[in-house]
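Taking it in order: structure first as structure tokens, then the write-up.
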Amino acid sequence: QVQLVESGGGLVQAGGSLRLSCAASGRTFSVYAMAWFRQAPGKEREFVARIDRSGVTFNYADSVAGRFTISRDNAKNTLYLQMNSLKPDDTAVYYCAASRMVVPATGLGAYDSWGQGTQVTVSS
């Protein structure tokens, strides 16, 4: 399995931006499709965005499309999530996840490895 460590979370005002990073180690990063999920207090973990192995194909949840951008740097073994125009509803713990599937589904079960999460808090 690949080990994943998220960073970059914090407190930001509504309308602000943050960039999350997810550093991978232990296995070849480029063989994994990657995704970001988030979990708000009292809610289930939900899909945010995913990206294929090469970084060419990506998908977003409707709630973040047009505001968030997922990307990856396979040379640096790192996944990113650029978050712009943040809203209080974006407050959650954000997790990165890795899948050996070529085109993983957006459900949690499609992903083999998870990071520990990073807290994002958006104040109004």
Side-chain angles (χ1 to χ4, degrees):
Q1 282 188 335
V2 63
Q3 286 76 50
L4 304 172
V5 179
E6 301 94 337
S7 62
L11 174 64
V12 64
Q13 289 188 333
S17 298
L18 282 175
R19 189 175 83 154
L20 305 184
S21 298
C22 172
S25 62
R27 296 292 295 270
T28 304
F29 179 63
S30 60
V31 305
Y32 293 91
M34 299 295 297
W36 288 98
F37 288 78
R38 67 185 181 185
Q39 188 167 16
K43 295 186 178 181
E44 295 185 350
R45 193 171 299 188
E46 65 175 6
F47 168 78
V48 174
R50 65 180 175 184
I51 190 168
D52 70 346
R53 297 171 178 178
S54 60
V56 174
T57 303
F58 32 79
N59 303 92
Y60 298 94
D62 290 344
S63 58
V64 307
R67 299 188 298 121
F68 290 11
T69 301
I70 188 171
S71 62
R72 65 189 296 163
D73 186 336
N74 286 345
K76 295 183 178 180
N77 294 340
T78 304
L79 175 73
Y80 302 100
L81 185 68
Q82 177 67 44
M83 306 186 294
N84 299 328
S85 303
L86 283 161
K87 306 175 182 179
D89 284 349
D90 295 319
T91 295
V93 177
Y94 283 71
Y95 300 88
C96 64
S99 174
R100 293 298 301 267
M101 296 180 181
V102 175
V103 185
T106 58
L108 276 65
Y111 295 85
D112 312 299
S113 300
W114 293 83
Q116 83 291 347
T118 185
Q119 176 71 47
V120 172
T121 303
V122 184
S123 63
S124 58

Does the ring center of Trp114 lie less than 6.0 Å from the ring center of Phe37?
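Ring-ring flag for Trp114/Phe37: true, centres closer than 6.0 Å.
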Minimum heavy-atom distance [X]-[Y], with the two atoms named:
X: Phe29; Y: Leu79; value: CZ-N, 4.0 Å
X: Tyr80; Y: Asp73; value: CE1-CB, 4.0 Å
X: Tyr32; Y: Ala98; value: CD2-CB, 3.7 Å
X: Gln119; Y: Ala92; value: NE2-O, 3.4 Å
X: Tyr95; Y: Gly115; value: CD2-O, 3.6 Å
X: Asn84; Y: Ser17; value: OD1-OG, 2.9 Å

Can you tell me how far [atom2] of [Y] sits from [atom1] of [X], rounded to the nearest 0.5 angstrom?
X: Met34; Y: Ile51; atom1: CE; atom2: CD1; result: 9.5 Å
X: Tyr94; Y: Leu81; atom1: OH; atom2: CG; result: 7.5 Å
X: Gln39; Y: Glu46; atom1: CD; atom2: CD; result: 9.5 Å
X: Cys22; Y: Glu6; atom1: SG; atom2: CD; result: 5.0 Å
X: Gln3; Y: Gln116; atom1: CD; atom2: CD; result: 12.0 Å
X: Cys96; Y: Leu4; atom1: SG; atom2: CG; result: 4.0 Å

After noting the C-alpha distance and the side-chain angles of Asp90 and Arg67, does the key distance pass the side chain to side chain contact (heavy atoms under 4.5 Å, CB included) rule?
CA-CA 11 Å; Asp90 295 319; Arg67 299 188 298 121; 2.8 Å; yes
Compare all side-chain heavy atoms of [X] with those of [Y] and state whether any distance is below 4.5 angstrom.
X: Arg38; Y: Thr91; answer: no
X: Phe47; Y: Leu108; answer: no
X: Val120; Y: Leu20; answer: yes
X: Tyr111; Y: Arg50; answer: yes

For the backbone of [Y] and the side chain of [X], can you confirm whether one donor and one acceptor N or O come within less than 3.5 Å of each other?
X: Asp112; Y: Gln1; value: no
X: Asn74; Y: Ser30; value: no
X: Arg72; Y: Gly55; value: no
X: Arg53; Y: Val31; value: yes
X: Ser99; Y: Ala110; value: yes

Joint hydrophobic cluster, Trp36 plus Val2, side-chain heavy atoms closer than 4.5 Å:
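Yes, Trp36 connects to Val2 through the hydrophobic network.
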Crowding at CD, Gln13 (>12 non-hydrogen neighbours, <6.0 Å)
no
Of Val64, Val122, Thr121, which meets side chain to side chain contact (heavy atoms under 4.5 Å, CB included) against Leu86?
Val122
